[in-house]
Visitor: 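Quick one: the structure is below, and I'll ask about it shortly.
Counting starts at 1 for both ligands and their atoms, in listed order.
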Amino acid sequence: MKKALITGITGQDASYLAEFLLKKGYKVFGTTRRSSTVNNERIVHIQDQITILQGDLLDQSSLASALIEAEPDEVYNLAAQSFVKTSWNQPVLTGEFTALGVTRLLEAIRVVNPKIKFYQASSSEMFGKVTESPQKETTRFHPRSPYGVAKVYGHYITVNYRESFDIFACSGILFNHESPRRGLEFVTRKISNAVARIRLNKQDKLELGSLEPKRDWGFAGDYVEAMWLMLQQEKPDDYVIATGENHSVKEFVELAFKVVGIDDWRKYTVWDKKEHMRPAEVDYLIGDYGKAKRVLGWTPKTSFKTLVEMMVKADLEREK
Ligand code: NDP
Ligand code: GDR
């Protein structure tokens, strides 16, 4: 039986990856940082099948202890301070978690067992102010937030440990992926949740920043398979994972309201609100997943329309 350890097991992606690996017959371990309240809503349905260990990206010895205890074949580093906007309020902490945290984990792997295969959750935010479209593995990075800068560090330290110590380390450059389990502060879930609440007369308005940014939005459940596939190859490498299609925030809003039968979305939406704008914006992202398709045999399965419907319907159920 193969063993996998996932950092950030309470997060969106980890919940889907854990389900996926359990179905493949893996023994799954997940790390959490200590918290004074229970924080397991995304994994409560599979919690009795997972072994939870304590591990904080700020504390290298806790990561080494988790590796010693779990003895994993594969480690998926999904833990991070992942909300871009917060990274301007907490730039140093974001660097500690999202950048140096990767080195702490790689160092723990190097010392405990360098044969462990490693997946790093890199991001399309590294492309930032894009220099070409669609973006692929060779596109130059120009991050636009402390989060994006931290992810560039995480990406290159992964490449460096692969080249320096021959560690099987892969970096998945994933474009935005969403689900009904997405955190409420991210724009897609903020919209789906507000639309459901407006439909049920529990909320009056949806307040947003700019409606113009375009993102390549996929379904998280599809993307975790690509993470696993990267670690099943003969050689470690880096891959862009995306849908190859992008849509504006405005299109997401329009479609989400349509799902609940509201055509006049403008009546319920306020935008260009200063508190939701960012000091530097990423305007346009669209990914080329050609390499992943060619080498991994991976393609996205869920369309934009299906994703929006899935999220709005799940929020309607929850809010009822
Ligand atoms: P989430 O924000 O849902 O989950 C992040 C996880 O990291 C949570 O479990 C959180 O724990 C944990 N965490 C945060 N800080 C620490 C710390 N110091 N030590 C240990 N754990 C910590 O993120 P997603 O599931 O959406 O994303 C997973 C990864 O993929 C992240 O690294 C993200 O940056 C990256 N990514 C995500 C994309 C997306 O569109 N979803 C796209 C590209 C990359 P807690 O519950 O305690 O806060
Ligand atoms: P992003 O996701 O920054 O792309 O990072 P987010 O959903 O926060 O923003 C997407 C775009 O929508 C615009 N926007 C708003 N965003 C939020 N959160 N709230 C608003 O009210 C709002 N109004 C407009 C944003 O400015 C932005 O342009 C996500 C995270 O999961 C990262 O961890 C991951 O690396 C990247 O996706 C790929």
Visitor: Check for me whether Lys85 has a heavy atom closer than 4.0 Å to any atom of ligand 2.
Guide: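 No.
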
Visitor: Which bit of Asn39 gets closer than 4.0 Å to ligand 1, counting heavy atoms only: side chain, backbone, both or neither?
Guide: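 Side chain only; the backbone of Asn39 stays clear of ligand 1.
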
Visitor: In this structure, does ligand 1 have an atom that sits under 4.0 Å from one of the heavy atoms of Gly55?
Guide: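 Yes.
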
Visitor: If you measure from each heavy atom of Trp271 to ligand 2, is any distance below 4.0 Å?
Guide: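 Under 4.0 Å: no for Trp271.
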
Visitor: Compare Gly11, Ser179, Gly183 and give the one whose heavy atom is closest to atom 4 (O) of ligand 1.
Guide: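 Residue with the shortest heavy-atom distance to the ligand atom: Gly11.
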
Visitor: Which residue and atom name correspond to the protein heavy atom nearest atom 2 (O) of ligand 1, and how close is it?
Guide: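 Ranking protein heavy atoms by distance from atom 2 (O) of ligand 1, first comes Ser82 OG, 2.6 Å.
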
Visitor: Measure from NZ or CZ of Arg181 to the centre of the six-membered ring of Tyr16, then state whether that distance is under 6.0 Å and the direction lies within 45° of the axis.
Guide: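 Satisfied, under 6.0 Å and within 45°.
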
Visitor: Charged N to carboxylate O under 4.0 angstrom, Asp315 versus Arg197?
Guide: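 No salt bridge links Asp315 with Arg197.
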
Visitor: Is Lys129 atom NZ crowded by more than 12 heavy atoms from other residues, nucleotides or ligands, each under 6.0 Å away?
Guide: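 Count not over threshold, so no.
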
Visitor: Residue-level breakdown please: for Ala80 versus ligand 2, do any non-hydrogen atoms fall below 4.0 Å on the side chain, on the backbone, on both, or on neither?
Guide: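 Neither; no heavy atom under 4.0 Å.
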
Visitor: What is the ring orientation for Trp265 with Trp271, classed by angle as parallel under 30°, tilted 30 to 60°, or perpendicular over 60°?
Guide: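 Answer is tilted, since the angle falls between 30° and 60°.
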
Visitor: Counting heavy atoms only, name the option from Val187, Asp283, Leu206 that's nearest to atom 14 (N) of ligand 2.
Guide: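 The residue whose heavy atom sits nearest atom 14 (N) of ligand 2 is Val187.
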
Visitor: Please confirm whether Gly209 comes within less than 3.5 Å of ligand 2 when only nitrogen or oxygen atoms on both sides are compared.
Guide: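 For ligand 2, there is an N or O atom that lies under 3.5 Å from one belonging to Gly209.
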
Visitor: So which protein heavy atom does atom 24 (C) of ligand 2 come closest to, and at what separation?
Guide: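 Here the nearest protein heavy atom works out to Ser210 O, 3.1 Å.
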
Visitor: Assess whether atom CD of Gln232 is packed by more than 12 heavy atoms of other residues, nucleotides or ligands within 6.0 Å.
Guide: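 More than 12 within 6.0 Å, yes.
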
Visitor: Write out the residue and atom name of the closest protein heavy atom to atom 37 (O) of ligand 2, then the distance separating them to 0.1 Å.
Guide: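 Of the protein heavy atoms, Asn176 ND2, 3.0 Å lies nearest.
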
Visitor: For atom 35 (C) of ligand 1, which of Ser62, Ala121, Ser35 has the closest heavy atom?
Guide: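 Looking at heavy atoms only, the winner is Ala121.
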
Visitor: Treating Ser164 as the side-chain partner and Tyr161 as the backbone partner, does any N or O pair qualify as donor plus acceptor under 3.5 Å?
Guide: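 Side chain of Ser164 to backbone of Tyr161, a donor-acceptor pair under 3.5 Å: no, none is there.
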
Visitor: Is the closest heavy atom of Asp56 to ligand 1 under 4.0 Å?
Guide: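 Right, Asp56 reaches ligand 1.
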
Visitor: Give me the residue, atom name and distance of the protein heavy atom closest to atom 34 (C) of ligand 2.
Guide: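 Checking every protein heavy atom, the shortest distance to atom 34 (C) of ligand 2 gives Tyr147 OH, 3.5 Å.
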
Visitor: Does Glu317 use its side chain to pair, donor to acceptor, with the backbone of Lys313 at less than 3.5 Å?
Guide: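 Looks like no, no N/O pair under 3.5 Å.
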
Visitor: By number and element, which atoms of ligand 1 are closer than 4.0 Å to a non-hydrogen atom of Ser122?
Guide: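 In order of number, 43 (C), 44 (C).
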
Visitor: Are any of the N/O atoms on Leu174, whether in the backbone or the side chain, positioned under 3.5 angstrom from an N/O atom of ligand 2?
Guide: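 No.
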
Visitor: For ligand 2, indicate whether the residue Lys190 contacts it via side chain, backbone, both or neither (heavy-atom separation under 4.0 Å).
Guide: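 For Lys190, the contact with ligand 2 is made by the side chain alone.
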
Visitor: Could an N or O of ligand 2 be found under 3.5 Å from any N or O of Trp217, whether backbone or side chain?
Guide: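 No - when backbone and side-chain N and O of Trp217 are compared with those of ligand 2, no distance drops under 3.5 Å.
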
Visitor: With a cutoff of 4.0 Å, is Arg182 in contact with ligand 1, counting heavy atoms of the residue only?
Guide: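 True for this residue.
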
Visitor: Can you tell me if Gln81 has a non-hydrogen atom under 4.0 Å from ligand 2?
Guide: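 Flag not set, Gln81 not near ligand 2.
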
Visitor: Any idea which of Tyr147, Phe175, Trp217, Phe97 brings a heavy atom closest to atom 36 (N) of ligand 1?
Guide: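 Among Tyr147, Phe175, Trp217, Phe97, the closest heavy atom to atom 36 (N) of ligand 1 comes from Tyr147.
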
Visitor: Specify the protein heavy atom at minimum distance from atom 31 (O) of ligand 2: its residue, its atom name, and the distance to 0.1 Å.
Guide: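 Nearest protein contact, heavy atoms only, for atom 31 (O) of ligand 2 is Arg182 NH2, 2.9 Å.
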
Visitor: Heavy atom to atom 21 (N) of ligand 1, shortest distance: which of Ala80, Ala79, Ser123, Gly218 holds it?
Guide: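 Shortest heavy-atom distance from atom 21 (N) of ligand 1: Ala79.
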
Visitor: Give yes or no for whether the N/O distance cutoff of 3.5 Å, strictly under, is met between Arg215 and ligand 2.
Guide: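 Yes, since at least one N or O of Arg215 sits under 3.5 Å from an N or O of ligand 2.
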
Visitor: Can you tell me if Arg181 has a non-hydrogen atom under 4.0 Å from ligand 1?
Guide: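 No, that is not the case, since the closest heavy atom of the residue is not under 4.0 Å from the ligand.
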
